[in-house]
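Per chain, numbering begins at 1; letters A, B, ... match sequence-line order. Since we're looking at a predicted model, the values are computed, not measured.
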Number of protein chains: 2
Amino acid sequence: MDKPAARPKRTRIQREKRELIGEAALEVFSQHGFRGSTIDQIADAAGMSKPNLLYYFKNKEEIFATLIHRLMETWLAPLREMDATGDPHTEIRSYIRRKIEMARDFPRESRLFANEILQGAPRILPLLEGELKELVDEKAAIIATWMRAGRLKKSDPYHFIFAIWATTQHYADFDVQVRAVLGENRGGEGRFEDAARFLEGLFLA
Amino acid sequence: MDKPAARPKRTRIQREKRELIGEAALEVFSQHGFRGSTIDQIADAAGMSKPNLLYYFKNKEEIFATLIHRLMETWLAPLREMDATGDPHTEIRSYIRRKIEMARDFPRESRLFANEILQGAPRILPLLEGELKELVDEKAAIIATWMRAGRLKKSDPYHFIFAIWATTQHYADFDVQVRAVLGENRGGEGRFEDAARFLEGLFLA
DNA sequence: GCAATTTTTGACCGTTTGGACAAACGTTAA
DNA sequence: TTAACGTTTGTCCAAACGGTCAAAAATTGC
């Protein structure tokens, strides 16, 4: 069951153009959401005509789906790297660092993802209940072990992970608000470094 | 400058209907975002015809603006209540509790707000840079005092507030994801209580 | 060079959407 | 009763949108 949908063969041009469209779509979707974005906007951003774009993607839905599925992998990578045999504090610290770096370097990806979840995750709910849940179950178990061994302050490992997600992604998703509140002085690029240091202190007290 | 825009007099019916429309609009906007919602959907939800709705609100934009401005007040109320003369731990604990209760009881409001910020806060940026920043500056100063007095663990008061926002609102905005990951057993109503307890431990360590 | 194939585009279509409008309906008060 | 005012709706329109199609242009393989 559920075979990998026999990926169609693609020419070099097709791969390149699909990539180009993906980049343009990320830019547009992350700013206006799915319904708020038009195929024309994406085509413009990709420097091609609408019919040409639709030659590479069946429809708007498929562009979005391709994008968000590819994103999920990137998005989960940092958590995947968390190593049961490593030092708990080092592992958590690295995880927080990586997540903050992603918020800084890939805010569009974060916002696209946030948008999808906000709307009720209509396109990725199965992934959340499957792949994501499995991964979190696995890592939460590791964290629980660390806590039981007294190597990490005891708390609920699931909410611990949620809290790391929430706080780090906040700096991408709510960036406008963060900058508005911090103002001219502290709202510069340094805010990510400040955030990282604060979060290390918070989670590794 | 900037006079309160001379609020037009309204009949009882006008106030009631505008209230009714607001409720319907909240329901629709919070699910589909601004661009994803149609006036027809809102009119349906309010049990009236589209032209009738447009008799009470000039256009879609005005419905949204009215809604989100009214929301800001509700949204900031908990922070406003934080009292400099109170016991730091009690004050912070109450704040977290109230924010979690809001995530549980008013998730639509939270999502609407999140949506607006995600899109770059086009309609409320001035509010963020003005009223919100002032309030946060004031409360951050209080927290800083508490920290300097050794009555609260030292950290950056601004990022401290951000972290409380992020973690509490996460349970409204990312509710689908939270429930997907927690699964059948722990994803029930108890999750808010679990979250509150976890967050108290996290922020009041 | 040329035929087959892939890529690109202008023109077009049906639907949805925000919004305008005038006519109808209901209510109130003289 | 009726005039005035507030409320409601059916109808309509122009713009925007997702998507199609046939034909032109570019590329590839021989």
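A cation-pi geometry, defined here as NZ or CZ lying under 6.0 Å from the six-membered ring centre and within 45° of its normal, does not hold between A:Arg104 and A:Tyr171. Relative to the six-membered ring of A:Trp146, A:Lys153 misses at least one condition, a distance below 6.0 Å or an angle of at most 45° to the axis.
Not one side-chain nitrogen or oxygen of A:Arg35 sits closer than 4.0 Å to the OP1 or OP2 atom of C:dT16. For C:dT9, the OP1/OP2 oxygens have a side-chain nitrogen or oxygen of A:Asn52 closer than 4.0 Å. For the pair A:Lys17 and C:dT8, the criterion of a side-chain N or O lying under 4.0 Å from OP1 or OP2 is met. The phosphate of D:dT8 (OP1 or OP2) has no side-chain N or O of B:Tyr55 nearer than 4.0 angstrom. A sub-4.0 Å separation between OP1 or OP2 of C:dT6 and a side-chain N or O of A:Gln14 is absent.
Atom P of nucleotide C:dT15 and atom NZ of A:Lys60 are separated by 18 Å, given to the nearest angstrom. A straight line from CZ of B:Phe64 to C1' of C:dG18 spans 16 Å, rounded to a whole angstrom. Between the CE atom of B:Met48 and the P atom of D:dG10 there is a distance of 14 Å, rounded to whole Å. Distance CD1 (B:Ile42) to C1' (C:dT17): 12 Å, rounded to an integer number of Å. Note: CZ (A:Arg15) to C1' (C:dT6) measures 15 Å, nearest angstrom. Rounded to whole Å, atom C1' of C:dA11 lies 14 Å from atom CG of A:Asp40. Rounded to whole angstrom, the span from the CZ atom of A:Phe57 across to the P atom of C:dT7 amounts to 13 Å. One can place CG of A:Asp44 at 12 Å from P of D:dG18, the figure rounded to the nearest angstrom.
When distances are taken from the side chain of B:Asn59 to each of D:dC17, D:dG18, C:dG19, the shortest belongs to C:dG19. For A:Leu54, taking side-chain heavy atoms from C-beta onward, the closest of the listed nucleotides D:dT20, D:dT9, D:dC17 is D:dT20. Proximity note for B:Tyr56 (side chain, C-beta onward) versus C:dT7, C:dG18, D:dT8: the nearest is D:dT8. The nucleotide whose nearest atom lies closest to any side-chain atom of B:Pro51 is, among D:dG18, D:dT8, D:dT11, D:dT11.
Scanning all heavy atoms of the two residues, the minimum distance from A:Gly22 to A:Leu67 falls at O-CD1, 3.5 Å.
In this pair, A:Phe34 and A:Phe64 present their aromatic rings perpendicular. The plane angle is above 60°, beyond the 30 to 60° band.
At a threshold of 4.0 Å, the pair B:Arg108-B:Glu23 counts as salt-bridged, since one of the basic side-chain nitrogens sits closer than that to a carboxylate oxygen.
Counting atom types as modelled, B:Lys50 pairs a side-chain N or O with a base atom of C:dG19 as donor and acceptor under 3.5 Å.
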